Amino acid sequence: MASWTSSEFLYVEIKPPGIHFLERFKRSGKLSFKQYQGLVFGLTFIAYIAFHASRKPNSIVKGTLSKSPTGHFKTTDQGGWAPFDGPDGTALLGQIDLAFLSVYAVGMFVAGHLGDRLDLRTFLTIGMVGTGVFTALFGVAFWANIHSFYYFLAIQTLAGWFQSIGWPCVVAVLGNWFDKKRRGVIMGVWSAHTSIGNIVGSLIATGLLKFGWGWSFVGPALLITFLGLVVYLFLPVNPPAVEAERDGTEVDSTMRLGDTITESFLSSRMSTGFDRRAVGFLAAWKIPGVAIFAFCLFFTKLVSYTFLYWLPFYVSQTEIGGEHLSQETSGNLSTLFDVGGVVGGILAGYFSDQLDGRAITAGGFIYLTIPALFLYRTYGHISMTINIILMFTAGVFVNGPYALITTAVAADLGTHKSLKGNARALATVTAIIDGTGSVGAAIGPVLTGYIAAISWDAVFYMLMTAALISGLLLTKLIITEVKTLLYGSSEEDEIVSAASEPRPPIDVLI
């Protein structure tokens with residue numbers, strides 16, 4: 001058995017049992033490459049919808065667990081839930097979020113490292129079922145009458161660990177089946193799972209809230225557990241595992257997990273072979289562009305996750321058109337931010353493909369986030385119509401670059417030309433970028449828990465500052481991409497290589 005840091009594989013690839021079942025209905029006895037692509041797209045899409053849906057109850061029940069600090073309205077007939085119903089309730093809820101996201105961020109690095117070495121189908125299933133178990137256990141406190149802060153802290157910590165498995169797995173699997181040419185648009189559409197998951201989670205959690213806040217957790221928990229079993233039965237992690245063919249050319253059956261289907265992989269270079277070793281963690285950091293986009297996502301995700309965890313609570317605490325909204329109405333209204341996120345992710349992917357500029361597109365969206373946040377905070381209270389328009393707009397610009405960086409950019413860098421054909425870095429690179437972003441995601445909500453008790457204006461200034469820093473980090477990449485658009489390039493160019501000085505090929509394991 002290989003060690004944890006080994007580049008060798010810890011599993012034997014087998015065809016999922018569900019694929020054998022589907023093949024019975026095919027006259028040819030096997031699925032086409034495009035059918036496999038459709039299956040992979042659909043399964044990874046709904047899998048991450050379930051992951052995000054299971055995170056949403058925390059933000060929906062915040063107003064139920066804590067008493068309104070302003071006293072404007074009574075959140076529920078229960079009047080709060082100890083220990084979150086005291087004057088430090090929002091701070092305690094912020095600490096719960098911090099525990100979840102901190103473990104999620106650390107776990108992301110570990111999961112990414114393992115994801116390039118383990119069977120992604122089984123690994124992803126473990127993440128989904130584990131997430132379902134601990135999401136449900138949070139809700140069990142409602143019936144068990146549990147009021148210990150440390151119980152909630154422990155449950156969220158373990159839930160964060162299992163949640164961290166999901167992202168590196170789904171991005172790596174998708175990257176194994178789709179080449180770079182249309183990756184921006186494909187992943188832009190695919191990244192809608194984040195916002196759709198938030199919407200689904202909000203609707204389920206708010207719909208069940210009237211029966212007791214525990215049901216708001218159990219509903220999404222059952223969903224992700226069921227879908228985890230579906231993923232185990234049907235998900236093909238890469239073409240070699242299912243002996244998939246494209247254009248009449250059989251994919252090299254000796255290739256292993258992580259040999260991404262890139263343009264070069266689908267070309268005549270298939271017959272020449274690749275370095276089969278997985279790229280080490282530190283070596284992955286040295287891939288040009290990884291560090292810059294990772295730290296850019298740190299601030300971008302800080303903004304996005306602050307909205308994810310606090311927007312329903314903020315809406316319920318803010319007068320809109322002269323009146324306060326109920327917790328259920330606030331939760332439903334907050335889904336419009338995620339609807340904007342769906343549109344933003346698709347637009348960011350489309351523009352980045354058309355411009356052949358990931359940094360230009362991400363930077364443009366990030367800079368437009370600043371006025372969008374300012375306008376929402378300043379004028380969102382005037383009327384419901386204005387609030388809806390400005391919330392939707394903020395969702396477009398906040399989630400657009402977040403979706404682009406965590407999908408198309410991560411996949412591009414995971415197959416960067418400096419790897420010299422070794423594409424076994426997808427899960428690791430994805431984990432580095434999103435893991436670093438998740439550190440920001442952990443900091444944003446917990447800071448909001450403290451700052452919101454003083455002023456919501458200060459919260460929005462913090463978010464605008466984070467967006468500005470995120471945009472500035474991309475300055476060098478943006479300049480390089482603009483020059484390339486204006487003057488062209490003499491070789492097949494991946495602009496992200498401008499992120500650092502030239503280095504020797506990354507062919508060593510660290």
Side-chain angles (χ1 to χ4, degrees), residues 5 101-102 104-113 115-116 164 167-168 171-172 175 180 183 260 278-305 352 357-363 365-366 401-420 422-444 466-481 484 493-510:
T5 57
L101 291 167
S102 296
Y104 177 81
V106 174
M108 185 80 69
F109 295 110
V110 178
H113 186 82
D116 283 323
S164 69
W167 188 246
V171 173
K180 182 184 176 184
R183 191 176 279 160
T260 307
V279 172
F281 180 76
L282 295 180
W285 269 102
K286 297 177 182 179
I287 297 173
V290 168
I292 285 184
F293 274 111
F295 289 114
C296 172
L297 189 64
F298 174 96
F299 294 99
T300 302
K301 203 166 181 179
L302 182 153
V303 177
S304 179
Y305 266 61
S352 70
R358 308 293 197 212
I360 292 175
T361 304
F365 273 72
I366 289 170
Y402 164 46
L404 180 66
I405 295 171
T406 55
T407 55
V409 169
D412 288 352
L413 293 173
T415 55
H416 191 269
K417 63 184 179 182
S418 64
L419 294 169
K420 300 187 69 177
N422 182 350
R424 205 183 311 287
L426 255 178
T428 302
V429 169
T430 298
I432 287 173
I433 292 177
D434 202 44
T436 305
S438 295
V439 176
I443 293 174
L468 176 62
I469 296 173
S470 180
L472 291 175
L473 285 171
L474 294 178
T475 300
K476 184 176 181 180
L477 296 180
I478 292 173
I479 292 174
T480 304
E481 288 186 348
T484 301
D493 197 11
E494 294 184 30
I495 298 304
V496 291
S497 64
S500 66
E501 295 300 321
R503 297 184 177 95
I506 302 172
D507 56 2
V508 295
L509 299 175
I510 299 179

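Basis for what follows: all heavy atoms, side chains included, without hydrogens, waters or symmetry-related copies. This structure is a prediction, so every number in the text was calculated from the model and none was measured.
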Looking only at heavy atoms, what is the nearest atom pair of [X] and [Y], with distance?
X    : Y    : answer
M108 : A431 : O-CB, 2.9 Å
L404 : S352 : CD1-OG, 3.5 Å
A467 : V303 : N-CG2, 4.3 Å
L302 : A466 : CD2-CB, 4.0 Å
P401 : F365 : CD-CB, 3.5 Å
G363 : L474 : N-CD1, 3.8 Å

State the [atom1]-[atom2] distance between [X] and [Y], to the nearest 0.5 angstrom.
X    : Y    : atom1 : atom2 : value
L297 : L473 : CG    : CG    : 11.0 Å
I479 : T484 : CD1   : OG1   : 12.0 Å
I366 : T361 : CD1   : OG1   : 10.5 Å
F109 : T436 : CZ    : OG1   : 4.0 Å
I478 : L472 : CD1   : CG    : 9.0 Å
Y305 : Y402 : OH    : OH    : 3.5 Å

- Tell me the salt bridge (charged side-chain N to carboxylate O under 4.0 Å, His left out) pairs involving residues 288-305, sequence neighbours left out? K301-D434
- Task: State, with a plain yes or no, whether a side-chain heavy atom of V171 is found less than 4.5 Å away from one of T406.
- Result: no
- Query: By ring pair (Phe, Tyr, Trp, His ring centres under 6.0 Å), which residues pair with F299, not counting sequence neighbours?
  - Reply: none
- Residue list, side-chain contact (heavy atoms from CB on, under 4.5 Å) with V439, at least two apart or on another chain: A105, F298, I443
- Please lay out, stage by stage, how L477 and F293 fare under the test side chain to side chain contact (heavy atoms under 4.5 Å, CB included). CA-CA 10 Å; L477 296 180; F293 274 111; 3.4 Å; yes
